[in-house]
Amino acid sequence: MSGPRVALFVTCLVDMFRPSVGFATVKLLEDAGCRVEVPPVQTCCGQPAWNAGDRENAKAIARQVIAAFEGYVHVVVPSGSCAATIARDFERMFAADDPWAGRARALGARTHEITAFLTDVLGVTEVGQEAPVSVTYHDSCSGLRSLGIREQPRRLLASVAGLELREMAENDVCCGFGGTFCVKYPEISNVMAGDKTRHVAATGADLVLAGDLGCLMNLAGKASREGRAFRARHVVEVLAGDLATPPIGEAG
């Protein structure tokens with residue numbers, strides 16, 4: 001391939017719970033002509049530590065990530081929240097005169113969420129897939145508010161033959177996951193998740209899609225407890241034509 005050299009930032013949740021998202025991301029990138037590499041020394045992006053106020057450990061993790069991904073033309077992430085941490089938060093972790101601040105800024109400028117990279121950077125308009133399903137889309141907080149990701153996944157989904165997108169009410173409202181939020185405030189989180197699953201169910205869609213696995217695991221768990229009929233998948237799985245992998249939270 002003669003396309004851009006792209007590094008995949010896998011994310012912890014993809015690595016531990018949903019490897020199919022990583023494989024789907026690689027397929028989409030390679031189909032778009034990219035040369036994809038997965039740096040083996042990558043770690044967590046440090047978002048949990050940063051959001052919990054553990055500044056020193058977050059900075060240590062950020063340094064590891066920055067060093068691991070230097071030298072790549074682009075870094076692509078199948079997660080709005082992890083991409084936002086690298087692209088927006090890393091630089092803020094360091095003092096302006098710290099050399100790591102400049103290195104963080106440079107990495108942030110090269111880091112993209114997968115659907116935004118395909119549409120905004122590579123100009124992809126078609127994914128060449130067919131999926132006879134109805135879906136609804138949840139806009140995750142980090143992807144939407146930190147990176148402005150809203151239309152990009154929808155444009156790509158519109159190119160999937162046979163797919164019907166049914167927009168839910170309040171599609172841009174938090175699902176209640178919020179990383180440690182759901183642990184610190186479980187009662188509030190549960191109510192928020194219930195609101196979201198009701199909106200999903202009201203569309204009658206077969207699937208709820210999103211760009212963040214944390215949101216999807218939260219919704220899949222709540223839907224299972226409520227006995228809802230819809231299932232959850234990461235958007236890249238549908239875009240890459242992977243409907244064979246069991247939905248999130250279901251055994252193979």
Side-chain angles (χ1 to χ4, degrees), residues 1-15 18-47 61-94 99-129 140 142-157 159 210-213 234-240 242:
M1 291 183 181
S2 60
R5 181 170 174 248
V6 173
L8 173 65
F9 185 87
V10 177
T11 83
C12 298
L13 293 183
V14 170
D15 181 36
R18 195 71 174 175
S20 58
V21 171
F23 293 124
T25 302
V26 171
K27 182 181 187 306
L28 289 167
L29 291 171
E30 289 185 340
D31 286 350
C34 299
R35 294 173 292 142
V36 184
E37 297 181 24
V38 184
V41 295
Q42 63 182 283
T43 66
C44 172
C45 69
Q47 178 185 172
I61 295 170
R63 293 188 194 99
Q64 291 178 323
V65 174
I66 293 166
F69 286 89
E70 283 181 324
Y72 290 96
V73 178
H74 301 288
V75 178
V76 176
V77 192
S79 162
S81 60
C82 297
T85 297
I86 298 171
R88 298 287 183 267
D89 293 334
F90 272 15
E91 184 181 356
R92 299 196 295 128
M93 295 181 186
F94 303 100
W100 284 98
R103 295 171 70 178
R105 182 166 57 253
L107 176 60
R110 303 194 311 274
T111 299
H112 315 272
E113 184 271 343
I114 175 61
T115 64
F117 181 68
L118 291 172
T119 57
D120 300 343
V121 178
L122 298 183
V124 173
T125 58
E126 301 277 344
V127 293
Q129 298 296 334
S140 68
S142 293
L144 176 64
R145 292 167 177 83
S146 295
L147 301 176
I149 297 166
R150 181 193 293 271
E151 297 306 320
Q152 297 94 327
R154 289 171 171 83
R155 288 203 297 270
L156 295 173
L157 287 169
S159 75
D212 270 285
L213 197 50
H234 196 289
V235 65
V236 298
E237 294 176 307
V238 174
L239 294 175
D242 179 12

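We're numbering straight along the sequence, starting at 1.
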K.L.:
His234 side chain to Gly211 main-chain N or O, any donor-acceptor pair under 3.5 Å?
P.N.:
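Between the backbone of Gly211 and the side chain of His234 there is a qualifying donor-acceptor contact (under 3.5 Å).
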K.L.:
What's the separation between atom CD in Glu113 and atom OG in Ser140, rounded to the nearest 0.5 Å?
P.N.:
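Answer for the CD-OG pair, Glu113 versus Ser140, is 8.0 Å.
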K.L.:
Rounded to the nearest 0.5 Å, how far apart are CG of Asp89 and CD of Gln47?
P.N.:
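Result: 7.5 Å between the selected atoms.
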K.L.:
So, are Glu30 and Arg35 salt-bridged, with charged N and O less than 4.0 Å apart?
P.N.:
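Result for this pair is no, no salt bridge flagged.
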K.L.:
So do Gln64 and Gln42 actually touch side chain to side chain, heavy atoms under 4.5 Å?
P.N.:
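The answer is no, as the side chains (C-beta and beyond) never meet within the 4.5 Å cut-off.
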K.L.:
Shortest non-hydrogen contact from Met93 to Ala62?
P.N.:
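That closest heavy-atom pairing would be SD-CB, 3.8 Å.
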K.L.:
Please name the pair of heavy atoms, one in His74 and one in Pro4, separated by the smallest distance, quoted to 0.1 Å.
P.N.:
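Residues His74 and Pro4, closest heavy atoms: CD2-CB, 4.0 Å.
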K.L.:
So which of Val77, Leu29, Leu8 actually passes side-chain contact (heavy atoms from CB on, under 4.5 Å) with Ile114?
P.N.:
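It is Leu29, the one option of Val77, Leu29, Leu8 that forms the side-chain contact (heavy atoms from CB on, under 4.5 Å) with Ile114.
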K.L.:
Is any side-chain heavy atom of Val65 closer than 4.5 Å to a side-chain heavy atom of Phe9?
P.N.:
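Answer yes - side chains close enough.
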K.L.:
Examine distances only and state if a side-chain atom of Arg110 and a backbone atom of Phe69 form a donor-acceptor pair shorter than 3.5 Å.
P.N.:
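Yes, because the side chain of Arg110 sits within donor-acceptor range (under 3.5 Å) of the backbone of Phe69.
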K.L.:
To the nearest 0.5 Å, how far apart are OG in Ser142 and CD1 in Ile149?
P.N.:
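The CD1 atom of Ile149 is 9.5 Å from OG of Ser142, to the nearest 0.5 Å.
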K.L.:
Of the non-hydrogen atoms in Tyr72 and Val6, which two are nearest, and what is the gap between them?
P.N.:
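So the minimum-distance heavy-atom pair works out to CD2-C, 4.3 Å.
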K.L.:
Measure the CG-CG distance between Leu239 and Asp31 for me, rounded to the nearest 0.5 Å.
P.N.:
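Between Leu239 CG and Asp31 CG, I get 11.0 Å after rounding to 0.5 Å.
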K.L.:
Nearest 0.5 Å, please: how far is CZ in Arg150 from CZ in Arg145?
P.N.:
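With rounding to 0.5 Å, CZ (Arg145) is 8.0 Å from CZ (Arg150).
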K.L.:
Search all heavy atoms of Cys44 against all heavy atoms of Cys12 and return the closest pair with its distance.
P.N.:
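Answer, listing the atom of Cys44 first, then Cys12: CB-SG, 3.3 Å.
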K.L.:
Tell me, do Arg63 and Phe94 make a side-chain contact under 4.5 Å, heavy atoms counted?
P.N.:
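Side chain of Arg63 against side chain of Phe94, heavy atoms only: contact under 4.5 Å found.
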K.L.:
Apply side-chain contact (heavy atoms from CB on, under 4.5 Å) to Thr11 and Asp15, showing your working.
P.N.:
CA-CA 6 Å; Thr11 83; Asp15 181 36; over 6 Å; no
K.L.:
Flag the pair Ser20 / Asp242 as yes when at least one side-chain heavy-atom distance between them is below 4.5 Å, and no otherwise.
P.N.:
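Ser20 vs Asp242: side chains touch.
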K.L.:
How many angstroms lie between NE2 in His112 and CG in Leu147, if you round to the nearest 0.5 Å?
P.N.:
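These two atoms lie 10.5 Å from each other.
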K.L.:
Yes or no on side-chain contact (heavy atoms from CB on, under 4.5 Å) for Val14 and Leu213, after CA distance, side-chain angles and deciding distance?
P.N.:
CA-CA 7 Å; Val14 170; Leu213 197 50; 4.2 Å; yes
K.L.:
Ignoring hydrogens and geometry, is there a side-chain-to-backbone donor-acceptor pair from Arg5 to Val36 under 3.5 Å?
P.N.:
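No; judged by distance alone, with no hydrogens or angles, the pair does not exist.
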K.L.:
Taking side chain to side chain donor-acceptor pair (under 3.5 Å) as the criterion, tell me which of Thr115, Asp120, Thr119 meets it with Gln152.
P.N.:
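Running side chain to side chain donor-acceptor pair (under 3.5 Å) over Thr115, Asp120, Thr119 with Gln152 returns exactly one hit, Asp120.
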K.L.:
Testing the 3.5 Å rule here: is there a donor-acceptor pair between the side chains of Ser81 and Ser79?
P.N.:
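Yes.
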K.L.:
Kindly give the heavy-atom pair with the smallest separation between Leu122 and Cys34, and that separation in Å.
P.N.:
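Shortest heavy-atom separation between Leu122 and Cys34 comes out as CD1-SG, 3.7 Å.
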K.L.:
Going by the side-chain contact (heavy atoms from CB on, under 4.5 Å) test, name the single residue among Val236, Leu156, Leu118 that passes it with Val127.
P.N.:
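Running side-chain contact (heavy atoms from CB on, under 4.5 Å) over Val236, Leu156, Leu118 with Val127 returns exactly one hit, Leu156.
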K.L.:
Just one of Leu13, Val26, Leu28, Val21 clears the side-chain contact (heavy atoms from CB on, under 4.5 Å) bar with Pro78, so which one?
P.N.:
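Passing option: Val21.
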